[in-house]
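Computed over heavy atoms, backbone and side chain alike; hydrogens, waters and symmetry mates excluded. Predicted model, so just to flag it, every value in this text is computed and none were measured. Order of listing sets the numbers, starting from 1, for every ligand and every atom in it.
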Amino acid sequence: MNRREFTLGMSLASMASILGIEIVYGGLMPEGYRPLGLQDPDPFKMFHKDKEMVVLNDRPWNMEAKAHLLNDRVTPNQYMFIRNNGNIPEGIDVSKWTLTIDGESVKNKKTYSLSELKSKFGHHTYQLALECGGNGRSEFNPPAKGNQWTVGAISCAEWTGVRLRDVLEDVGITSDAVYIGYHAADTHLSGDPKKEPISRGVPIAKALQDETLLAFAMNGEDIPLAHGHPLRLVCGGWPASTSGKWLNRISVRNKEHDGEKMGGSSYRVPCETVAPGSEVDDANMCIIESMPVKSLITFPKSGALIKNGKSLTINGHAWAGELEVSKMEYSIDFGSTWHQCSLEKPVNRLAWQHFKASISFPKKGYYEVWAKATDSNGKAQPLVLPGWNPKGYLNNACHRIAVKIV
Ligand SMILES: Nc1nc2c(c(=O)[nH]1)N[C@H]1C(S)=C(S)[C@@H](COP(=O)(O)O)O[C@H]1N2
Ligand SMILES: [Mo]
C-alpha cells in the first residue's frame with residue numbers, strides 16, 4: 001500500500017483532524033512534510049471503522065464488512081462499507097456548503113445553502129439499504145476487474161434529510177424532465193480538476209419517490225466524512241452508486257444523464273444473458289436499476305462450533321431492491337430441503353428485513369447453513385452464481401455459513 005501519496009496531498013486541517021488535535025506550529029512545517037504522527041495513516045482510526053473491516057484498496061479508499069459484522073438491525077458507521085471512486089474532499093466548510101439545482105429541465109436554476117435546505121423543507125427519516133452494484137464480484141469467473149467485494153458492500157443505515165421531490169418542486173421542473181444527475185465535491189485520482197470521479201443519477205420517477213432524500217444525517221448524527229458529509233443523495237434499493245456523496249449539484253436532465261460512469265459498461269449488464277467470458281458491445285449493455293433479491297446470515301459467524309443437542313438460532317437480513325422480500329428459507333442439506341425462517345416486515349419501504357430461524361441438527365458433524373430469499377414477484381436468489389457479466393455486477397447467490405456440531 002502506498003500511504004505516502006495519500007498523506008502528501010493533505011491539508012493542515014485534515015492532518016489535524018486525523019491526529020485529533022491541533023498542530024500548533026503547523027504553519028511552520030516544511031511544504032509536503034509528513035508529521036511523524038501521520039506516517040502510517042490508519043484507515044480504521046481515520047474513518048472510525050472496526051478493526052475487522054477489510055481494506056480492498058487505499059487509493060481510492062474501499063473497505064468492506066464481513067457478514068458477521070453486519071448483525072445490527074441498523075448499520076452503525078463502524079461496520080459500513082466505503083466505496084470511493086476518487087479522493088475524499090478536504091477542508092469542508094459546512095457553513096459555506098451549497099446545493100445547486102440546474103439542468104435543461106429546470107425553469108430557473110437555484111442554489112441553496114445547507115441551512116436553507118434544512119429550514120425550508122420538511123425532514124424525513126428512513127432506513128435505506130445501500131448495496132454496491134459490484135457486491136459479490138470476487139466470485140465471478142472469468143474474474144471481473146475492480147474491487148473484489150465478497151459479501152460486505154451492503155449497509156442499511158437510518159438516513160435523515162429533505163425530500164429531493166420537495167426541493168425540485170420549489171425550483172420548478174419542466175414536463176420534459178426524464179432524469180437527474182448528481183455532481184459532487186470529491187476529486188479525480190488523476191488530480192485533474194476538470195474530471196469528475198463519478199456523476200450518476202436516476203430516472204425522474206425514482207428521484208420523486210418519498211424515500212429519495214438529500215440527507216444531512218446518518219443514524220442521528222452528521223454523516224461521517226467517508227459517507228458523504230455534509231450532504232448526500234440517497235436512493236435506497238438501487239445500486240449505491242446512484243447515491244451521490246458530498247453532493248453539491250443536481251442537474252435535471254431532458255435525457256438520460258451522461259455523467260461519468262453512466263455510459264459504456266459502467267453499472268451495466270448485458271441486456272441478454274451471455275456465456276462467461278464473452279465480449280459484449282456497449283450497445284448491448286443495459287443500465288442497472290432496482291437491485292435483485294438477496295440475503296445475508298449475520299449470526300453466527302461462519303465456522304461456529306455448536307454443542308451437540310443444542311439448537312442454533314441464526315439471524316440476518318434480506319432485501320430486494322424496490323420490492324419486498326416475501327419469503328425467507330434455510331437449508332442444512334446443501335439445498336435438498338428448505339425450511340421457513342421467520343421474516344419481519346421492513347420498517348419502511350426500501351429498508352432491509354430481518355429474519356431468524358431456530359435450527360436443530362440431527363447429529364455431530366459438519367454442516368452448511370444456506371439462506372435463500374424470495375421477492376414479492378416470486379423471484380428467488382440463485383443457489384450458485386447468477387449470469388456472468390463483464391463488470392461483475394449483481395451477484396445475488398445464496399449466502400452460506402459453515403457450522404460444526406461437536
Ligand atoms: N461523490 C461520490 N459519490 C459516490 C461515490 C463516489 O465515489 N463519489 N461512490 C458511489 C458508489 S459506487 C457506492 S457503492 C456508494 C458507497 O457508499 P458508502 O461509501 O457510503 O458506503 O457511494 C456512491 N456515491
Ligand atoms: Mo458501488
Side-chain angles (χ1 to χ4, degrees), residues 43 46-49 53-57 59-65 69-70 75-90 92 97 99 128-138 144-149 151-159 161 180-190 195-202 212-219 222-251 257 259-262 265-269 287-288 291 391-395:
M46 187 162 57
F47 301 126
H48 308 284
K49 297 294 174 185
M53 295 287 284
V54 181
V55 175
L56 300 183
N57 193 350
R59 200 169 183 276
W61 286 108
N62 281 278
M63 212 184 249
E64 77 167 332
L69 299 177
L70 291 169
T75 313
N77 175 56
Q78 75 254 36
Y79 302 131
M80 187 181 260
F81 78 98
I82 298 177
R83 191 330 184 204
N84 292 335
N85 290 266
N87 303 306
I88 296 176
E90 287 180 25
I92 291 170
W97 194 272
L99 174 73
L128 297 166
L130 292 185
E131 182 178 20
C132 180
N135 195 22
R137 175 177 293 137
S138 65
K145 281 199 211 109
N147 287 291
Q148 296 300 301
W149 304 109
V151 295
I154 168 76
S155 65
C156 187
E158 184 193 81
W159 297 93
I180 62 109
Y182 68 73
H183 298 276
D186 47 344
T187 59
H188 198 269
L189 291 177
S190 65
K195 282 192 180 160
E196 289 179 291
I198 187 168
S199 168
R200 303 204 65 234
V202 291
T212 300
L213 295 181
L214 302 172
F216 44 76
M218 185 184 104
N219 297 340
D222 283 353
I223 300 175
L225 178 61
H227 298 292
H229 175 76
L231 189 68
R232 169 176 206 170
L233 177 62
V234 191
C235 303
W238 281 45
S241 54
T242 60
S243 292
K245 306 192 273 189
W246 313 292
L247 182 73
N248 56 23
R249 182 155 69 93
I250 285 189
S251 294
H257 182 55
E260 190 59 33
K261 306 217 163 156
M262 281 300 293
S265 55
S266 294
Y267 302 100
R268 286 174 189 256
V269 292
I287 199 158
I288 302 168
M291 292 293 285
K391 289 288 189 86
Y393 296 123
L394 305 185
N395 175 4

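Each of the atoms 14 (S) of ligand 1 lies under 4.0 Å from some heavy atom of C132. Near A184, meaning under 4.0 Å from one of its heavy atoms, ligand 1 places the atoms 1 (N). Atoms of ligand 1 lying under 4.0 Å from any heavy atom of I82, numbered from 1 in the order shown and given with element: 19 (O). Under a 4.0 Å criterion applied to the non-hydrogen atoms of I198, ligand 1 contributes the atoms 2 (C), 5 (C), 6 (C), 7 (O), 8 (N). Listed by number with element, the atoms of ligand 1 under 4.0 angstrom from any heavy atom of G244 are 3 (N), 24 (N).
With a 4.0 Å cut-off on non-hydrogen atoms, R232 touches ligand 1 through its side chain and not its backbone. Under 4.0 angstrom from ligand 1, the non-hydrogen atoms of S243 all belong to its backbone. Contact annotation: for Y267 versus ligand 1, heavy atoms closer than 4.0 Å belong to the side chain alone. Here S241 has heavy atoms under 4.0 Å from ligand 1 in both its backbone and its side chain.
The shortest N or O to N or O distance between F81 and ligand 1 is below 3.5 Å. Note: an N/O pair closer than 3.5 Å links D186 and ligand 1 by distance alone. Taking distance alone, with nitrogen or oxygen atoms compared against 3.5 Å, N84 stays at or beyond that limit from ligand 1.
The shortest heavy-atom distance from P197 to ligand 1 is not under 4.0 Å. Using a 4.0 Å cutoff on heavy atoms, L130 does not count as a contact of ligand 1.
Atom CE of residue M53 and atom CZ of residue F47 lie 11.0 Å apart, to the nearest 0.5 angstrom.
Nearest protein heavy-atom neighbour of atom 16 (C) of ligand 1: R83 CB, 3.6 Å.
Checked options R200, K245, E196, H257; the residue passing with Y182 is R200 (criterion: side-chain contact (heavy atoms from CB on, under 4.5 Å)).
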